[in-house]
Number of protein chains: 2
Amino acid sequence: MASDQTRSAILAAAERLYADRGFGDVTLRDIVAEANVNLAAVNYHFGSKDELIAELFVTRSIQTNRERLNELKAAEEAGGGRAAIDDIMRALVGPTLRGCLGPDREGSTAARFMIRASIESVPPIRRIKNREVDHLRKFAAAMRRAMPGRDDTELYWGLHFALAMAHHTIREKERLLRLSEGKCDLDDVRAIIDRVVTVSVMALTMGDAPNKPAARPVLVHGRLTRQDL
Amino acid sequence: MASDQTRSAILAAAERLYADRGFGDVTLRDIVAEANVNLAAVNYHFGSKDELIAELFVTRSIQTNRERLNELKAAEEAGGGRAAIDDIMRALVGPTLRGCLGPDREGSTAARFMIRASIESVPPIRRIKNREVDHLRKFAAAMRRAMPGRDDTELYWGLHFALAMAHHTIREKERLLRLSEGKCDLDDVRAIIDRVVTVSVMALTMGDAPNKPAARPVLVHGRLTRQDL
DNA sequence: TTGCTTTTCAAACATTTGTATGAAACTATC
DNA sequence: GATAGTTTCATACAAATGTTTGAAAAGCAA
(Lines give C-alpha, C1' and ligand atoms only; values in the text may rest on other atoms or scores of the structure.)
Protein backbone atom coordinates (compact mmCIF):
# COMPACT_ATOMS: atom_id res chain seq x y z
CA MET A 1 0.00 0.00 0.00
CA ALA A 2 1.32 3.40 -0.85
CA SER A 3 2.39 5.21 2.26
CA ASP A 4 -0.03 8.06 1.71
CA GLN A 5 -2.98 5.73 1.73
CA THR A 6 -2.16 4.52 5.21
CA ARG A 7 -1.60 8.05 6.37
CA SER A 8 -4.92 9.34 5.13
CA ALA A 9 -6.77 6.23 6.25
CA ILE A 10 -5.55 6.96 9.75
CA LEU A 11 -6.50 10.61 9.50
CA ALA A 12 -9.97 9.80 8.26
CA ALA A 13 -10.61 7.11 10.83
CA ALA A 14 -9.28 9.25 13.66
CA GLU A 15 -11.40 12.21 12.68
CA ARG A 16 -14.49 10.07 12.43
CA LEU A 17 -13.98 8.39 15.78
CA TYR A 18 -13.02 11.56 17.61
CA ALA A 19 -16.03 13.29 16.12
CA ASP A 20 -18.37 10.53 17.25
CA ARG A 21 -16.98 9.55 20.63
CA GLY A 22 -14.70 12.38 21.73
CA PHE A 23 -11.00 12.42 22.47
CA GLY A 24 -11.50 10.97 25.89
CA ASP A 25 -12.33 7.43 25.00
CA VAL A 26 -10.83 6.78 21.61
CA THR A 27 -7.54 4.93 21.73
CA LEU A 28 -4.95 4.39 19.07
CA ARG A 29 -6.13 0.80 18.90
CA ASP A 30 -9.63 1.97 18.07
CA ILE A 31 -8.28 4.16 15.34
CA VAL A 32 -6.08 1.58 13.67
CA ALA A 33 -8.89 -0.95 13.84
CA GLU A 34 -11.21 1.49 12.08
CA ALA A 35 -8.54 2.33 9.51
CA ASN A 36 -7.50 -1.28 8.99
CA VAL A 37 -3.84 -0.53 9.54
CA ASN A 38 -1.26 -1.70 11.99
CA LEU A 39 -0.95 -0.15 15.42
CA ALA A 40 2.62 0.99 14.85
CA ALA A 41 1.58 2.90 11.75
CA VAL A 42 0.40 5.85 13.80
CA ASN A 43 3.74 6.40 15.43
CA TYR A 44 5.52 5.71 12.18
CA HIS A 45 3.57 8.29 10.21
CA PHE A 46 2.81 10.91 12.84
CA GLY A 47 5.36 10.41 15.57
CA SER A 48 2.83 10.34 18.38
CA LYS A 49 -0.84 10.41 19.17
CA ASP A 50 -0.73 14.09 20.04
CA GLU A 51 0.85 14.96 16.73
CA LEU A 52 -1.93 13.09 14.96
CA ILE A 53 -4.55 15.11 16.80
CA ALA A 54 -2.62 18.29 16.14
CA GLU A 55 -2.46 17.60 12.43
CA LEU A 56 -6.19 16.94 12.30
CA PHE A 57 -6.97 20.15 14.10
CA VAL A 58 -4.47 22.29 12.23
CA THR A 59 -5.85 21.14 8.90
CA ARG A 60 -9.39 22.07 9.81
CA SER A 61 -8.38 25.31 11.46
CA ILE A 62 -6.48 26.43 8.40
CA GLN A 63 -9.55 25.76 6.30
CA THR A 64 -11.74 27.86 8.55
CA ASN A 65 -9.22 30.66 8.79
CA ARG A 66 -8.82 30.75 5.05
CA GLU A 67 -12.57 30.98 4.58
CA ARG A 68 -12.70 33.80 7.08
CA LEU A 69 -9.96 35.76 5.41
CA ASN A 70 -11.46 35.20 1.98
CA GLU A 71 -14.75 36.63 3.15
CA LEU A 72 -12.98 39.51 4.79
CA LYS A 73 -11.03 40.27 1.64
CA ALA A 74 -14.16 40.07 -0.47
CA ALA A 75 -15.91 42.47 1.88
CA GLU A 76 -13.01 44.89 1.74
CA GLU A 77 -12.90 44.82 -2.02
CA ALA A 78 -16.63 45.32 -2.24
CA GLY A 79 -16.31 48.32 0.03
CA GLY A 80 -13.43 49.84 -1.88
CA GLY A 81 -10.71 48.86 0.55
CA ARG A 82 -12.71 49.36 3.71
CA ALA A 83 -15.21 46.72 4.75
CA ALA A 84 -18.38 47.52 6.65
CA ILE A 85 -18.32 46.44 10.25
CA ASP A 86 -21.19 44.01 9.91
CA ASP A 87 -19.50 42.32 6.96
CA ILE A 88 -16.34 41.97 9.01
CA MET A 89 -18.19 40.33 11.84
CA ARG A 90 -19.98 38.12 9.38
CA ALA A 91 -16.66 37.00 7.95
CA LEU A 92 -15.47 36.27 11.46
CA VAL A 93 -18.32 34.08 12.68
CA GLY A 94 -19.88 32.91 9.43
CA PRO A 95 -17.48 30.17 8.39
CA THR A 96 -17.40 28.55 11.81
CA LEU A 97 -21.15 28.63 12.27
CA ARG A 98 -21.85 27.43 8.76
CA GLY A 99 -19.31 24.67 9.25
CA CYS A 100 -20.62 23.39 12.53
CA LEU A 101 -24.38 23.96 12.43
CA GLY A 102 -27.10 23.21 9.98
CA PRO A 103 -29.11 20.12 9.13
CA ASP A 104 -27.10 18.86 6.18
CA ARG A 105 -23.93 19.19 8.23
CA GLU A 106 -25.12 16.44 10.49
CA GLY A 107 -23.12 13.97 8.49
CA SER A 108 -20.04 16.09 8.08
CA THR A 109 -17.25 14.46 9.98
CA ALA A 110 -15.10 17.56 9.82
CA ALA A 111 -17.79 19.69 11.41
CA ARG A 112 -18.48 17.20 14.18
CA PHE A 113 -14.77 16.93 14.82
CA MET A 114 -14.41 20.67 15.24
CA ILE A 115 -17.35 20.72 17.62
CA ARG A 116 -15.64 18.06 19.69
CA ALA A 117 -12.44 20.04 19.65
CA SER A 118 -14.38 23.03 20.87
CA ILE A 119 -16.02 21.09 23.67
CA GLU A 120 -13.25 18.87 24.97
CA SER A 121 -10.05 20.81 24.45
CA VAL A 122 -7.14 18.41 24.82
CA PRO A 123 -3.56 19.64 25.27
CA PRO A 124 -2.35 19.44 21.65
CA ILE A 125 -5.37 21.40 20.50
CA ARG A 126 -5.03 23.95 23.25
CA ARG A 127 -1.48 24.61 22.19
CA ILE A 128 -2.58 25.36 18.65
CA LYS A 129 -5.45 27.56 19.72
CA ASN A 130 -3.03 29.74 21.60
CA ARG A 131 -1.38 30.71 18.34
CA GLU A 132 -4.72 31.85 16.94
CA VAL A 133 -4.25 35.35 18.26
CA ASP A 134 -2.29 36.48 15.20
CA HIS A 135 -5.18 35.49 13.01
CA LEU A 136 -7.65 37.44 15.12
CA ARG A 137 -5.46 40.53 14.95
CA LYS A 138 -6.22 40.80 11.26
CA PHE A 139 -9.88 41.14 12.11
CA ALA A 140 -9.14 43.64 14.83
CA ALA A 141 -7.25 45.68 12.26
CA ALA A 142 -10.14 45.54 9.81
CA MET A 143 -12.54 46.57 12.55
CA ARG A 144 -10.30 49.50 13.41
CA ARG A 145 -10.45 50.66 9.82
CA ALA A 146 -14.22 50.25 9.76
CA MET A 147 -14.72 52.19 12.97
CA PRO A 148 -11.95 54.74 13.11
CA GLY A 149 -11.65 56.74 16.26
CA ARG A 150 -13.33 54.11 18.35
CA ASP A 151 -11.46 52.99 21.41
CA ASP A 152 -9.45 49.83 20.81
CA THR A 153 -10.81 48.28 23.96
CA GLU A 154 -14.32 48.36 22.57
CA LEU A 155 -13.13 46.67 19.40
CA TYR A 156 -11.55 43.83 21.30
CA TRP A 157 -14.60 43.32 23.46
CA GLY A 158 -16.81 43.27 20.41
CA LEU A 159 -14.60 40.74 18.70
CA HIS A 160 -14.49 38.69 21.86
CA PHE A 161 -18.25 38.69 22.31
CA ALA A 162 -18.82 37.75 18.69
CA LEU A 163 -16.65 34.69 19.09
CA ALA A 164 -18.32 34.01 22.41
CA MET A 165 -21.77 33.82 20.88
CA ALA A 166 -20.66 31.80 17.91
CA HIS A 167 -18.65 29.25 19.83
CA HIS A 168 -21.10 28.96 22.68
CA THR A 169 -23.89 28.31 20.23
CA ILE A 170 -21.88 25.49 18.75
CA ARG A 171 -20.80 24.10 22.09
CA GLU A 172 -24.15 24.29 23.79
CA LYS A 173 -26.56 23.79 20.96
CA GLU A 174 -28.01 20.72 22.61
CA ARG A 175 -28.69 22.60 25.79
CA LEU A 176 -30.27 25.54 24.00
CA LEU A 177 -32.42 23.14 22.08
CA ARG A 178 -33.52 21.46 25.27
CA LEU A 179 -33.98 24.69 27.20
CA SER A 180 -36.15 26.15 24.46
CA GLU A 181 -37.94 22.86 23.92
CA GLY A 182 -36.99 22.97 20.28
CA LYS A 183 -38.29 26.48 19.74
CA CYS A 184 -34.89 27.85 18.81
CA ASP A 185 -34.20 26.73 15.28
CA LEU A 186 -30.58 25.67 15.17
CA ASP A 187 -30.85 24.50 11.59
CA ASP A 188 -31.44 27.97 10.19
CA VAL A 189 -27.78 28.86 10.09
CA ARG A 190 -28.27 32.05 8.14
CA ALA A 191 -30.62 33.41 10.75
CA ILE A 192 -28.20 32.49 13.51
CA ILE A 193 -25.34 34.24 11.76
CA ASP A 194 -27.53 37.29 11.29
CA ARG A 195 -28.41 37.22 14.93
CA VAL A 196 -24.83 36.94 16.13
CA VAL A 197 -23.66 39.65 13.73
CA THR A 198 -26.45 41.97 14.78
CA VAL A 199 -25.75 41.61 18.45
CA SER A 200 -22.01 41.94 17.87
CA VAL A 201 -22.42 45.19 15.99
CA MET A 202 -24.76 46.40 18.70
CA ALA A 203 -22.09 45.65 21.25
CA LEU A 204 -19.56 47.54 19.17
CA THR A 205 -21.75 50.60 18.85
CA MET A 206 -22.67 50.42 22.51
CA GLY A 207 -21.13 53.71 23.55
CA ASP A 208 -22.95 55.64 20.86
CA ALA A 209 -25.33 58.32 21.93
CA PRO A 210 -28.82 56.83 22.36
CA ASN A 211 -30.27 59.51 20.06
CA LYS A 212 -28.58 57.95 17.06
CA PRO A 213 -30.87 55.00 16.50
CA ALA A 214 -29.56 54.56 12.99
CA ALA A 215 -26.44 53.12 14.53
CA ARG A 216 -28.47 50.08 15.32
CA PRO A 217 -27.86 47.89 12.31
CA VAL A 218 -30.59 46.41 10.23
CA LEU A 219 -29.14 43.49 8.39
CA VAL A 220 -30.22 41.70 5.28
CA HIS A 221 -29.64 38.18 4.19
CA GLY A 222 -27.48 36.86 1.43
CA ARG A 223 -24.60 39.28 1.59
CA LEU A 224 -21.98 36.59 1.39
CA THR A 225 -19.66 36.08 -1.50
CA ARG A 226 -19.85 32.41 -2.15
CA GLN A 227 -16.52 32.13 -3.88
CA ASP A 228 -15.13 29.52 -1.59
CA LEU A 229 -17.88 27.79 0.26
CA MET B 1 -7.96 11.18 62.47
CA ALA B 2 -11.67 11.83 62.39
CA SER B 3 -13.17 10.58 59.15
CA ASP B 4 -14.38 14.01 58.12
CA GLN B 5 -10.90 15.42 58.24
CA THR B 6 -9.65 12.93 55.70
CA ARG B 7 -12.65 13.57 53.53
CA SER B 8 -12.21 17.30 53.44
CA ALA B 9 -8.46 17.06 53.12
CA ILE B 10 -9.02 15.05 49.95
CA LEU B 11 -11.59 17.50 48.66
CA ALA B 12 -9.34 20.48 49.32
CA ALA B 13 -6.27 18.86 47.79
CA ALA B 14 -8.18 17.67 44.77
CA GLU B 15 -9.73 21.05 44.13
CA ARG B 16 -6.37 22.76 44.43
CA LEU B 17 -4.59 20.35 42.10
CA TYR B 18 -7.36 20.26 39.54
CA ALA B 19 -7.50 24.04 39.59
CA ASP B 20 -3.77 24.35 39.03
CA ARG B 21 -3.02 21.56 36.63
CA GLY B 22 -6.32 20.50 35.12
CA PHE B 23 -8.17 17.20 35.25
CA GLY B 24 -6.04 15.70 32.56
CA ASP B 25 -2.85 15.18 34.45
CA VAL B 26 -3.78 14.91 38.08
CA THR B 27 -3.97 11.36 39.37
CA LEU B 28 -5.39 10.00 42.55
CA ARG B 29 -1.85 9.47 43.71
CA ASP B 30 -1.12 13.17 43.27
CA ILE B 31 -4.19 14.01 45.28
CA VAL B 32 -3.53 11.70 48.19
CA ALA B 33 0.08 12.86 48.32
CA GLU B 34 -1.06 16.48 48.50
CA ALA B 35 -3.65 15.60 51.13
CA ASN B 36 -1.30 13.38 53.13
CA VAL B 37 -3.74 10.53 53.18
CA ASN B 38 -3.67 6.98 51.96
CA LEU B 39 -4.44 6.10 48.37
CA ALA B 40 -7.35 3.89 49.32
CA ALA B 41 -9.00 6.73 51.19
CA VAL B 42 -10.45 8.20 48.02
CA ASN B 43 -12.34 5.09 47.10
CA TYR B 44 -13.34 4.54 50.70
CA HIS B 45 -14.84 7.99 51.13
CA PHE B 46 -16.07 8.76 47.64
CA GLY B 47 -16.47 5.45 45.89
CA SER B 48 -14.54 6.43 42.81
CA LYS B 49 -12.51 9.19 41.24
CA ASP B 50 -15.45 10.37 39.17
CA GLU B 51 -17.65 10.67 42.21
CA LEU B 52 -14.99 12.80 43.85
CA ILE B 53 -14.91 15.15 40.89
CA ALA B 54 -18.69 15.19 40.77
CA GLU B 55 -18.91 16.13 44.43
CA LEU B 56 -16.45 18.96 43.95
CA PHE B 57 -18.36 20.33 41.00
CA VAL B 58 -21.79 19.90 42.49
CA THR B 59 -20.79 21.75 45.61
CA ARG B 60 -19.52 24.74 43.70
CA SER B 61 -22.40 24.71 41.27
CA ILE B 62 -24.92 24.76 44.05
CA GLN B 63 -23.19 27.75 45.55
CA THR B 64 -23.32 29.65 42.29
CA ASN B 65 -26.92 28.69 41.61
CA ARG B 66 -27.96 29.77 45.07
CA GLU B 67 -26.27 33.13 44.62
CA ARG B 68 -28.02 33.57 41.32
CA LEU B 69 -31.43 32.76 42.70
CA ASN B 70 -30.87 34.98 45.71
CA GLU B 71 -30.09 37.91 43.46
CA LEU B 72 -33.06 37.11 41.30
CA LYS B 73 -35.34 36.97 44.31
CA ALA B 74 -33.97 40.23 45.65
CA ALA B 75 -34.53 41.87 42.27
CA GLU B 76 -38.07 40.58 42.14
CA GLU B 77 -38.85 41.81 45.63
CA ALA B 78 -37.35 45.20 44.87
CA GLY B 79 -39.53 45.42 41.78
CA GLY B 80 -42.67 44.39 43.57
CA GLY B 81 -42.81 40.86 42.27
CA ARG B 82 -41.53 41.59 38.80
CA ALA B 83 -37.82 42.12 38.30
CA ALA B 84 -36.43 44.41 35.62
CA ILE B 85 -34.84 42.59 32.74
CA ASP B 86 -31.37 43.98 33.35
CA ASP B 87 -31.49 42.93 36.96
CA ILE B 88 -32.45 39.43 35.89
CA MET B 89 -29.53 39.22 33.50
CA ARG B 90 -27.27 40.62 36.18
CA ALA B 91 -28.39 37.91 38.56
CA LEU B 92 -27.70 35.34 35.88
CA VAL B 93 -24.14 36.29 34.96
CA GLY B 94 -23.00 38.24 38.01
CA PRO B 95 -22.23 35.43 40.44
CA THR B 96 -20.24 33.42 37.93
CA LEU B 97 -18.23 36.39 36.70
CA ARG B 98 -17.60 37.69 40.18
CA GLY B 99 -16.56 34.23 41.24
CA CYS B 100 -14.13 33.56 38.44
CA LEU B 101 -12.65 36.95 37.58
CA GLY B 102 -11.11 39.77 39.48
CA PRO B 103 -7.67 40.40 40.94
CA ASP B 104 -8.25 39.20 44.48
CA ARG B 105 -9.78 36.02 43.08
CA GLU B 106 -6.44 35.01 41.68
CA GLY B 107 -5.80 32.99 44.78
CA SER B 108 -9.27 31.53 45.09
CA THR B 109 -9.03 27.83 44.52
CA ALA B 110 -12.75 27.46 44.06
CA ALA B 111 -12.80 30.01 41.26
CA ARG B 112 -9.84 28.50 39.46
CA PHE B 113 -11.43 25.08 39.80
CA MET B 114 -14.63 26.28 38.17
CA ILE B 115 -12.66 27.84 35.35
CA ARG B 116 -10.97 24.52 34.79
CA ALA B 117 -14.29 22.76 34.81
CA SER B 118 -15.48 25.22 32.22
CA ILE B 119 -12.45 24.68 30.00
CA GLU B 120 -11.82 20.96 30.21
CA SER B 121 -15.19 19.35 30.67
CA VAL B 122 -14.68 15.78 31.85
CA PRO B 123 -17.49 13.21 31.77
CA PRO B 124 -18.70 13.45 35.39
CA ILE B 125 -18.94 17.22 35.08
CA ARG B 126 -20.67 17.05 31.74
CA ARG B 127 -23.30 14.81 33.24
CA ILE B 128 -24.05 17.34 35.94
CA LYS B 129 -24.12 20.27 33.57
CA ASN B 130 -26.82 18.54 31.58
CA ARG B 131 -29.14 18.82 34.55
CA GLU B 132 -28.61 22.56 34.72
CA VAL B 133 -31.48 23.24 32.35
CA ASP B 134 -34.04 23.23 35.12
CA HIS B 135 -32.16 25.97 36.87
CA LEU B 136 -32.04 28.10 33.74
CA ARG B 137 -35.77 27.70 33.25
CA LYS B 138 -36.35 29.78 36.34
CA PHE B 139 -34.52 32.62 34.69
CA ALA B 140 -36.42 32.14 31.48
CA ALA B 141 -39.63 32.39 33.49
CA ALA B 142 -38.50 35.60 35.17
CA MET B 143 -37.52 37.05 31.81
CA ARG B 144 -40.92 36.17 30.44
CA ARG B 145 -42.56 38.08 33.27
CA ALA B 146 -40.26 41.05 32.67
CA MET B 147 -40.92 41.16 28.95
CA PRO B 148 -44.47 39.93 28.48
CA GLY B 149 -45.61 39.42 24.95
CA ARG B 150 -42.14 38.92 23.63
CA ASP B 151 -41.56 35.79 21.66
CA ASP B 152 -40.15 32.97 23.75
CA THR B 153 -37.50 32.27 21.16
CA GLU B 154 -36.01 35.69 21.67
CA LEU B 155 -35.89 35.11 25.39
CA TYR B 156 -33.99 31.89 25.02
CA TRP B 157 -31.52 33.41 22.59
CA GLY B 158 -30.92 36.29 24.94
CA LEU B 159 -30.37 33.98 27.86
CA HIS B 160 -28.09 31.86 25.73
CA PHE B 161 -26.01 34.79 24.56
CA ALA B 162 -25.67 36.16 28.07
CA LEU B 163 -24.21 32.89 29.26
CA ALA B 164 -22.08 32.77 26.12
CA MET B 165 -20.43 36.08 26.88
CA ALA B 166 -19.96 35.33 30.54
CA HIS B 167 -18.52 31.88 30.12
CA HIS B 168 -16.41 32.76 27.12
CA THR B 169 -14.91 35.65 29.02
CA ILE B 170 -13.95 33.29 31.79
CA ARG B 171 -12.68 30.59 29.46
CA GLU B 172 -10.72 32.82 27.16
CA LYS B 173 -9.63 35.62 29.42
CA GLU B 174 -5.99 34.89 28.72
CA ARG B 175 -6.52 35.12 25.01
CA LEU B 176 -8.49 38.36 25.26
CA LEU B 177 -5.75 39.77 27.42
CA ARG B 178 -3.14 38.79 24.89
CA LEU B 179 -5.16 39.90 21.89
CA SER B 180 -5.79 43.30 23.41
CA GLU B 181 -2.24 43.53 24.73
CA GLY B 182 -3.56 44.11 28.20
CA LYS B 183 -5.90 46.90 27.16
CA CYS B 184 -9.02 45.01 28.22
CA ASP B 185 -9.18 45.24 31.97
CA LEU B 186 -10.24 41.83 33.19
CA ASP B 187 -9.86 42.84 36.80
CA ASP B 188 -12.71 45.34 36.71
CA VAL B 189 -15.38 42.74 37.23
CA ARG B 190 -18.16 45.23 37.77
CA ALA B 191 -17.51 46.84 34.43
CA ILE B 192 -17.45 43.44 32.74
CA ILE B 193 -20.75 42.48 34.30
CA ASP B 194 -22.24 45.79 33.18
CA ARG B 195 -20.95 45.18 29.71
CA VAL B 196 -22.37 41.68 29.46
CA VAL B 197 -25.70 42.75 30.92
CA THR B 198 -25.94 45.71 28.56
CA VAL B 199 -25.26 43.65 25.48
CA SER B 200 -27.61 40.93 26.66
CA VAL B 201 -30.46 43.35 27.13
CA MET B 202 -29.68 44.85 23.74
CA ALA B 203 -29.94 41.40 22.24
CA LEU B 204 -33.26 40.89 23.98
CA THR B 205 -34.69 44.16 22.71
CA MET B 206 -33.31 43.51 19.26
CA GLY B 207 -36.61 43.30 17.46
CA ASP B 208 -37.81 46.60 18.84
CA ALA B 209 -38.54 49.36 16.37
CA PRO B 210 -35.41 51.41 15.77
CA ASN B 211 -37.28 54.60 16.59
CA LYS B 212 -37.49 53.65 20.21
CA PRO B 213 -33.95 54.44 21.30
CA ALA B 214 -35.01 54.41 24.92
CA ALA B 215 -35.12 50.67 24.66
CA ARG B 216 -31.36 50.74 24.63
CA PRO B 217 -30.52 50.40 28.30
CA VAL B 218 -28.23 52.72 30.13
CA LEU B 219 -27.04 50.93 33.19
CA VAL B 220 -25.63 52.17 36.44
CA HIS B 221 -23.28 50.53 38.84
CA GLY B 222 -23.91 49.16 42.25
CA ARG B 223 -27.38 47.79 41.84
CA LEU B 224 -26.60 44.54 43.57
CA THR B 225 -27.98 43.48 46.86
CA ARG B 226 -25.00 42.26 48.76
CA GLN B 227 -26.87 40.01 51.09
CA ASP B 228 -25.01 36.89 50.20
CA LEU B 229 -21.74 37.73 48.54
C1' DT C 1 18.46 -9.91 -10.06
C1' DT C 2 20.83 -7.13 -6.55
C1' DG C 3 20.93 -3.77 -3.13
C1' DC C 4 18.82 -0.10 -0.77
C1' DT C 5 15.03 2.45 1.25
C1' DT C 6 10.48 2.72 2.81
C1' DT C 7 6.63 0.71 4.87
C1' DT C 8 4.14 -2.85 7.45
C1' DC C 9 3.51 -6.08 11.02
C1' DA C 10 3.14 -8.88 15.34
C1' DA C 11 4.68 -8.79 19.57
C1' DA C 12 6.47 -7.00 23.52
C1' DC C 13 7.47 -3.04 26.70
C1' DA C 14 7.04 0.04 30.19
C1' DT C 15 4.21 2.81 32.59
C1' DT C 16 0.38 4.66 34.43
C1' DT C 17 -3.98 4.43 36.56
C1' DG C 18 -8.07 3.43 39.12
C1' DT C 19 -9.58 0.00 42.17
C1' DA C 20 -9.68 -3.91 45.51
C1' DT C 21 -8.00 -6.50 49.59
C1' DG C 22 -7.16 -7.82 54.10
C1' DA C 23 -4.93 -6.82 58.05
C1' DA C 24 -3.92 -3.27 61.45
C1' DA C 25 -5.08 0.86 64.06
C1' DC C 26 -8.40 3.54 65.94
C1' DT C 27 -12.95 4.99 68.13
C1' DA C 28 -16.95 4.66 70.62
C1' DT C 29 -20.38 2.13 73.27
C1' DC C 30 -21.56 -0.81 76.72
C1' DG D 1 -11.66 -2.90 79.19
C1' DA D 2 -13.95 -5.93 75.92
C1' DT D 3 -16.49 -5.69 71.68
C1' DA D 4 -18.18 -3.96 67.38
C1' DG D 5 -17.93 -0.75 63.97
C1' DT D 6 -15.15 2.53 61.46
C1' DT D 7 -11.16 4.22 59.33
C1' DT D 8 -6.39 3.81 57.73
C1' DC D 9 -2.65 1.63 55.52
C1' DA D 10 0.65 -0.99 52.55
C1' DT D 11 0.35 -3.63 48.91
C1' DA D 12 -1.34 -6.00 45.13
C1' DC D 13 -4.28 -6.32 41.02
C1' DA D 14 -5.84 -5.84 36.56
C1' DA D 15 -6.48 -3.48 32.73
C1' DA D 16 -5.47 -0.01 29.45
C1' DT D 17 -2.47 2.64 26.67
C1' DG D 18 1.15 4.99 24.02
C1' DT D 19 5.37 3.64 22.32
C1' DT D 20 9.26 0.79 20.69
C1' DT D 21 11.52 -3.02 18.37
C1' DG D 22 13.32 -5.95 15.03
C1' DA D 23 12.22 -8.61 11.49
C1' DA D 24 9.46 -9.32 7.32
C1' DA D 25 7.39 -7.36 3.20
C1' DA D 26 7.03 -4.21 -0.43
C1' DG D 27 8.68 -0.76 -3.50
C1' DC D 28 12.13 0.88 -6.43
C1' DA D 29 16.41 2.15 -8.82
C1' DA D 30 20.44 0.37 -11.24
Side-chain angles (χ1 to χ4, degrees), chain A residues 1-58 113 116-117 120-128, chain B residues 1-58 113 116-117 120-128:
Chain A
M1 190 190 283
S3 112
D4 279 1
Q5 285 184 33
T6 302
R7 236 187 99 88
S8 32
I10 292 172
L11 284 170
E15 185 166 47
R16 197 161 354 131
L17 288 180
Y18 284 143
D20 285 342
R21 293 158 40 189
F23 299 98
D25 54 73
V26 171
T27 71
L28 287 187
R29 283 168 176 82
D30 294 331
I31 293 172
V32 298
E34 178 88 358
N36 277 310
V37 301
N38 187 269
L39 173 59
V42 174
N43 289 278
Y44 178 79
H45 285 282
F46 298 93
S48 71
K49 182 195 188 186
D50 276 12
E51 289 173 84
L52 166 62
I53 295 178
E55 172 149 347
L56 279 172
F57 185 70
V58 166
F113 172 80
R116 278 287 177 196
E120 286 197 28
S121 172
V122 287
I125 290 182
R126 248 194 309 265
R127 276 192 287 274
I128 295 162
Chain B
M1 190 191 281
S3 112
D4 279 1
Q5 285 184 33
T6 301
R7 236 187 99 88
S8 32
I10 291 172
L11 284 169
E15 185 166 47
R16 199 164 351 136
L17 288 180
Y18 285 142
D20 285 343
R21 292 159 39 191
F23 298 98
D25 53 73
V26 171
T27 71
L28 288 188
R29 284 169 176 80
D30 293 331
I31 294 172
V32 298
E34 178 88 358
N36 276 312
V37 301
N38 187 270
L39 173 60
V42 173
N43 288 279
Y44 178 79
H45 285 282
F46 297 94
S48 71
K49 182 196 186 185
D50 277 11
E51 288 174 84
L52 166 61
I53 294 178
E55 173 151 345
L56 279 172
F57 185 70
V58 167
F113 172 80
R116 278 287 176 196
E120 285 198 29
S121 171
V122 287
I125 289 182
R126 251 195 308 267
R127 276 192 287 273
I128 295 163

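All chains are named by letter (A, B, ...) in the order of the sequence lines, taking the proteins before the strands, and each is independently numbered beginning at 1. Small disclaimer: the values here were computed from a predicted structure and weren't measured.
Of all heavy-atom pairs between Leu56(B) and Ala14(B), the closest is CD1-CB, 3.8 Å. For the residue pair Ile125(B) and Ala117(B), the shortest heavy atom distance occurs at CD1-CB, 3.7 Å.
Atom CD in Gln5(A) sits about 10 Å away from atom P in dG27(D), given to the nearest Å. Note: CZ (Phe46(A)) to P (dG18(D)) measures 15 Å, nearest angstrom. In this structure, Ile10(A) places its CD1 atom 14 Å from C1' of dG18(D), rounding to the nearest Å. A straight line from CG of Asn36(A) to C1' of dC9(C) spans 14 Å, rounded to a whole angstrom. Whole-Å rounding puts the Asn43(B) CG to dA12(D) P distance at 18 Å. When rounded to the nearest whole Å, the span between OH of Tyr44(A) and P of dA24(D) equals 18 Å. At whole-Å resolution of the value, NE2 in His45(A) and C1' in dT19(D) are 16 Å apart.
For Asn38(A) and dT7(C), the shortest distance from a side-chain N or O to OP1 or OP2 is not below 4.0 Å.
Distance check, rounded to the nearest 0.5 Å: OG1 of Thr6(B) to CG of Leu11(B) gives 11.0 Å.
Rounded to 10 degrees, the angle separating the terminal helix axes of the helix from dT1(C)-dA30(D) to dC30(C)-dG1(D), each built from five base pairs, is 10°.
Proximity of residues 48-56 of chain B to DNA chain C (heavy atom under 4.0 angstrom from any strand atom) is restricted to Ser48(B), Lys49(B). For the segment residues 21-34 of chain B, residues with any heavy atom less than 4.0 angstrom from an atom of DNA chain C are, sorted by number, Thr27(B), Leu28(B), Arg29(B).
Pairs of residues two or more places apart, or lying in two chains, that qualify as salt bridge (charged side-chain N to carboxylate O under 4.0 Å, His left out) and include a residue from residues 30-51 of chain B are Arg16(B)-Glu34(B), Arg21(B)-Asp30(B), Asp50(B)-Arg127(B). For residues 35-47 of chain B, no residue pair satisfies the salt bridge (charged side-chain N to carboxylate O under 4.0 Å, His left out) rule, not counting sequence neighbours. Listed by first and then second residue, the salt bridge (charged side-chain N to carboxylate O under 4.0 Å, His left out) pairs that reach into residues 35-46 of chain A come to none, sequence neighbours excluded.
With the nearest nucleotide of DNA chain C identified for both Leu39(A) and Gly47(B), Leu39(A) has the one nearer the 5' end.
The ring-ring contact (aromatic ring centres under 6.0 Å, His included) search around Phe57(B) returns none, not counting sequence neighbours. Listed by chain and residue number, nothing satisfies the ring-ring contact (aromatic ring centres under 6.0 Å, His included) test with Phe46(B) (two or more places apart in sequence, or in another chain). For Arg29(A), there are no side chain to side chain donor-acceptor pair (under 3.5 Å) partners two or more places apart in sequence or in a different chain. For Ala19(B), the side chain to side chain contact (heavy atoms under 4.5 Å, CB included) test picks out Thr109(B), Arg112(B), Phe113(B), with sequence neighbours left out.
In this structure, Glu55(B) and His45(B) have side chains that are not in contact, with every pair of non-hydrogen atoms separated by 4.5 Å or more.
If you check every strand for non-hydrogen atoms under 4.0 Å, Ala41(B) touches nothing.
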